[in-house]
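Below, read A as the first sequence line, B as the second, and so on, with proteins coming before strands; counting in each chain starts at 1.
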Amino acid sequence: MALAFDEFGRPFIIIREQEQKSRLRGLDAQKTNITAGKAVARILRTSLGPKGMDKILQSPDGDVTITNDGATILEQMDVDNQIAKLMVELSRSQDYEIGDGTTGVVVMAGALLEQAEKLLERGIHPIRIAEGYELASRIAFEHLERISHKFEFDGTNIEDLIQTCMTTLSSKIVNRCKRSMAEIAVKAVLAVADLERKDVNLDLIKVEGKVGGKLEDTELIYGILVDKDMSHPQMPKQIEDAKIAILTCPFEPPKPKTKHKVDIDSVEKFQTLREQEQKYFDDMVKKCKDVGATLVICQWGFDDEANHLLMHRNLPAVRWVGGVELELIAIATGGRIVPRFQELTPEKLGKAGLVREKAFGTTKDRMIYIEHCANSRAVTIFIRGGNKMMIEETKRSLHDALCVARNLIRNNSIVYGGGSAEISCSLAVEAAADKYPGVEQYAIRAFADALDAIPMALAENSGLQPIETLSAVKSQQIKENNPCCGIDCNDVGTNDMREQNVFETLIGKQQQILLSTQVVKMILKIDDVISPSEY
Amino acid sequence: MTAMLQPQIILLREGTDTSQGKPQLLSNISACVAVADVVRTTLGPRGMDKLIHDDKGNTTISNDGATIMKLLDIVHPAAKILVDIAKSQDSEVGDGTTTVVLLAGEFLKEARPFIEDGVHPQNLMRSYRTASYLAIQKIKELAVSIEGKSLEEKKSLLAKCAATTLSSKLIGGEKEFFATMVVDAVIAIGNDDRLNMIGMKKVPGGTMRDSFLVDGVAFKKTFSYAGFEQQPKKFVNPKILLLNIELELKSEKENAEIRLSDPLQYQSIVDAEWNIIYDKLDKCVKSGAKVVLSRLAIGDLATQYFADRDIFCAGRVTEEDLQRVAAAAGGTVQTTVNNIIDEVLGTCELFEERQVGNERFNIFSGCPSGRTATIVLRGGADQFIEEAERSLHDAIMIVRRAMKNSTVVAGGGAIDMEISRYLRQHARTIAGKSQLFINSYAKALEVIPRQLCDNAGFDATDVLNKLRQKHALPSGEGAPYGVDINTGGIADSFANFVWEPAVVKINAINAATEAACLVLSVDETVKNPKSESAQGEAAASAMGGRGRGGGRGRGMRRR
């Protein structure tokens, strides 16, 4: 790459190692960037909707992931192109903020880029296009608000929430039992939600999976599930009305943190030391017993001697429980984490109605259920499935559903799915376009066309005739003045999404439109790409 | 070719690149113009962005002149001057970095024909300096002061300045939104010179409209230990204790060793250690603080201890954030927990942990001394937020400048056209060569409106002629007319609130003239061979490959 030449046609060396750098500028740069962005969108296009297909992704280590979650696909694709990376981040930020609609946002951006390319060829200034898009996105944003519906829900009436979550899950591999999954997700979110502050901390929902069983066995546990077993095989497997001591100190003689050394120079001293140690164990177990604990959960391990003593004193124990789980147990049971034995008091014990160890199938795997807790602000979703990939995908799908439920708690407005919202916006934008003088009008119209890409892809993926179906639905929307008409992906027989109960969250849709516009603007604004040539 | 046969006197080390005389000067000018061409298209509201991808794989998408110049990694000695002026403009006023490079490039371009015709560079330089002096006088004369207005009025005026800066950036679509935010932030920190009192936090996700301003401090939730979730997450009017000590159960002294001969003493040592940490924790609790922040770690023990007593704590808070909390809440950072008196505790109206995107944020708002503000930026991609941060930085600098100097001029190329007209008029009164030079200086200033038109895809010549006509009106009413970026015509920039602080223009003209003069005054470059032989070889082989037989320096001497 050379910026300038002297009178003999030799390049000046202006930039370090300029021979090895490549530069693309002007329309070429924009076209290359658009092509890259479109390529990414094309990959995801087939994953959209209830009949969307999954992708199999193999990592360099040979791990296999099967998913149709846009964010996950892009994350694992390990793209190298800079513009493609922007698309990856686009999908990621939709994931962070909303959790759902990660595929749709990329497809939308791809469609916008495709339309922009056509306008660029007509010689429209890229920034005028971007500005037109921005105007259009605002129109669409407001239009969505207009066609949105609010629905009320409370602790008992959760049907609408479940329906919305079902829409999300219907595109996933788990759609076989989406009803039960959606129920689980909604109940879990409601259990941990702070309805007053409209805040949901998803950290309090633990998602645990285990290979085996079938998907239908997936359950919601109002309490905690720990992938551990009782420290001694002879300990009782079931404890009712358990009082739980939650300890972060090991069952062993305490050690000062300062470097230390015990000098033993006689048999007597050795004996006392031994006795002391014995006494420590005795004391510890006794203290637990004294405060009334009937179960000990310990962050660290304890050796066989302590184990034996615990067994002897009839005090069941669980060892090596991770910090996060410990915290969740403490929250769920209303107990306090106790850092040393001296501080154990009856008030600090957690309470659970039932603690049981459960063995699975023919394997020796056991897990501990802590249920009927005093405070059920921490819950666990326990996923069963035929294989590891299935469980992983179910986890991701449930995450999406959880996010959707959370968003509804934050903002209870919904729009109708199945591409109906996009079609309605497209019509609104199209109608508004004529009011704008200047070049932007073209860009606004292009935006309306781009909005059609989502229902089009939905129809295509469902095996329908995309153009025919879309135009039929569009005309139906106008004729009946009904913004709820969408693509009938599941062949139910009606186009009215209200009857089909296909809902999406308003903020999710709005976010999709705004985010994709933003990224497209960024891509359009670039007219100069300077990069080392190996890329 | 006869010169080649003469015995060469070797004065400098082998490989040294020497070039001199007029050709050298011309080649320097070409290099500078080439660099100015790179940033040319980024000017103005319809300016484009550059994507620069460096060797380490970092990607930057930017519209900011200084950032682009820095990332280009320019090695040409003369062209480097342009990088420096862009940087100095950035640190001095924060905005107008593209303008300054463009102006310098244009001054040099105008000088080129004169140099080719044999004018002595010193003559040119002298005229350029006079012209820049006159231009600056004129700007000062034309500037409108916004001093003495009420706060509300001033706020809206400052927002106009910020909006002008932001209009050329990626976040231009939401310029009003961000301009108000920036003005609020700058007014919040008052006359404090410490810019780091405005914190910027970047959270990917969401749209840029989700960005918000906290009239206090916000930072990401720090690493937390088990027990954290049991702490309360919302306080009204809490007392805040700021610490710079570790609250962890660990050995007090690193290299101490305890020898025990009696196992019975064992327990006492253990207890002693526990007592030390409990004593510390107890003092924190006794101070009455409800929020405890520390720059160093707060261990799991302490977390649980505080959770038991309904106190919120966060360890490993970054130094910057801690300082900001101290400034906002009015506390002092303590290095010990002894003797904590009420005065060292800060307070704020509301403390809350809130979900922002995928992260949880600790937000302190409604701080009494209110000398800090935090902008939480949201956006669809990392590069997007990075660029937004740079743009906001520019806007913040502009607002601060405007607040201090409180004079503004009309943007959109209006002020440049006006100076240009004034200089032309002035030039006619001068006899001698200088007239030509000042005329060319005046012509160079027109590059700003011309480039604005070019970038927007308008017919530059047409617009410029309209502007010249307007500005030439004897009544002087055409002075604030600049390019109307929306219609492709001309408009009164001042009335349309396209404003920039006068100091930006003054500094830009000054720096650009200085740089142009500097490049013009050079007539010889002595470049030592690279000490890293690898680099030299790479360059040499590249040159050899072109079949020119030898470096540029020797080629020059041959002429």
Side-chain angles (χ1 to χ4, degrees), chain A residues 3-4 6 8 10 12-16 19 82 85-86 89-90 92-93 96-97 125-127 131 134 199 201 203-204 248 254-263 269 272-273 276 323-324 326-327 330-331 336-337 339-340 511 514-515 518-519 521-522 525-532 535, chain B residues 27 30-31 34-35 38 41 46 48-53 55 59 61 72-76 79 170 173 204-208 225-227 229-230 249-252 256-261 263-264 266 269-270 273-274 300-301 304 308 355 357-358 379-384 456-457 542 548 552:
Chain A
L3 295 172
D6 66 7
F8 304 106
R10 283 171 304 199
F12 289 125
I13 298 182
I14 295 177
I15 295 172
R16 191 185 302 280
E19 287 85 5
Q82 290 314 312
K85 270 189 194 160
L86 279 180
E89 270 171 32
L90 166 72
R92 198 185 299 153
S93 48
Y96 282 173
E97 189 70 16
H125 195 278
I127 297 205
E131 272 168 17
E134 227 158 54
D199 186 39
N201 190 349
D203 290 346
L204 296 178
T248 53
K255 280 198 196 90
K257 294 274 177 176
T258 314
K259 217 193 286 172
H260 63 281
K261 201 171 171 186
V262 183
D263 287 332
K269 275 192 181 168
T272 30
L273 185 71
Q276 278 253 307
V324 183
L326 207 68
E327 188 168 5
I331 292 172
R336 291 292 186 182
I337 300 170
R340 59 176 184 166
Q511 195 82 336
L514 290 182
L515 272 178
Q518 228 174 69
V519 168
K521 180 177 183 191
M522 186 155 186
K525 260 195 106 182
I526 298 167
D527 78 331
D528 210 336
V529 180
I530 297 173
S531 55
Y535 284 97
Chain B
S27 92
S30 305
V35 170
V38 176
T41 54
R46 296 259 196 272
M48 307 294 278
D49 288 4
K50 309 277 162 200
L51 188 153
I52 298 170
H53 189 155
D55 307 336
T59 316
I61 297 176
L72 273 179
D73 201 4
I74 288 172
V75 291
H76 192 281
L170 199 52
T207 62
M208 48 190 176
Y225 289 92
E229 291 300 336
Q230 284 180 302
L249 177 64
K250 54 171 251 178
S251 58
E252 272 302 298
E257 191 181 316
I258 305 167
R259 270 166 206 267
L260 300 172
S261 51
L264 290 171
Y266 200 77
I269 298 290
V270 173
E273 274 190 349
W274 282 85
D300 49 352
L301 175 67
Q304 288 144 20
D308 260 359
Q355 183 94 24
N358 203 25
D382 280 346
Q383 277 99 348
F384 191 94
R548 285 282 166 192
R552 192 180 83 227

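- When each of A:Met522, A:Glu134, A:Lys85 is checked for heavy-atom pairs under 4.5 Å with chain B, A:Met522 comes out on top.
- With a 4.5 Å cut-off on non-hydrogen atoms, A:Val324 does not touch chain B at all.
- Here the shortest heavy-atom pairing between B:Val35 and B:Ala79 reads CG2-CB, 3.6 Å.
- Heavy atoms of A:Gln518 lying under 4.5 Å from chain B belong to its backbone as well as its side chain.
- Contacts between B:Gln304 and chain A at a heavy-atom distance below 4.5 Å involve the side chain alone, from C-beta outward.
- Taking chain A as the reference chain and counting heavy-atom pairs below 4.5 Å, the highest number among B:Ile52, B:Thr41, B:Leu170 is found for B:Leu170.
- When heavy atoms are compared at a cutoff of 4.5 Å, B:Ile74 approaches chain A by way of both its backbone and its side chain.
- Your options are B:Thr59, B:Leu301, B:Asp300, and the one with the most heavy-atom pairs under 4.5 Å with chain A is B:Thr59.
- Closest approach of B:Tyr225 to A:Glu327, counting heavy atoms only: O-OE1, 3.9 Å.
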Practice prompt. Given side-chain contact (heavy atoms from CB on, under 4.5 Å), test B:Lys50 with A:Ile530 step by step and report yes or no.
Written response: CA-CA 8 Å; B:Lys50 309 277 162 200; A:Ile530 297 173; 5.7 Å; no
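- The shortest non-hydrogen separation linking B:Met48 to A:Pro126 is CE-CG, 3.3 Å.
- Proximity of B:Gln383 to A:Leu86: side-chain heavy atoms (C-beta onward) are separated by under 4.5 Å at one or more points.
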Worksheet item: Does the pair A:Ile337 and B:Gln230 meet the rule for a side-chain contact (heavy atoms from CB on, under 4.5 Å), with working shown?
Response: CA-CA 10 Å; A:Ile337 300 170; B:Gln230 284 180 302; 4.2 Å; yes
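- Most heavy-atom pairs under 4.5 Å with chain B: of the set A:Ile127, A:Leu326, A:Asp527, this distinction falls to A:Asp527.
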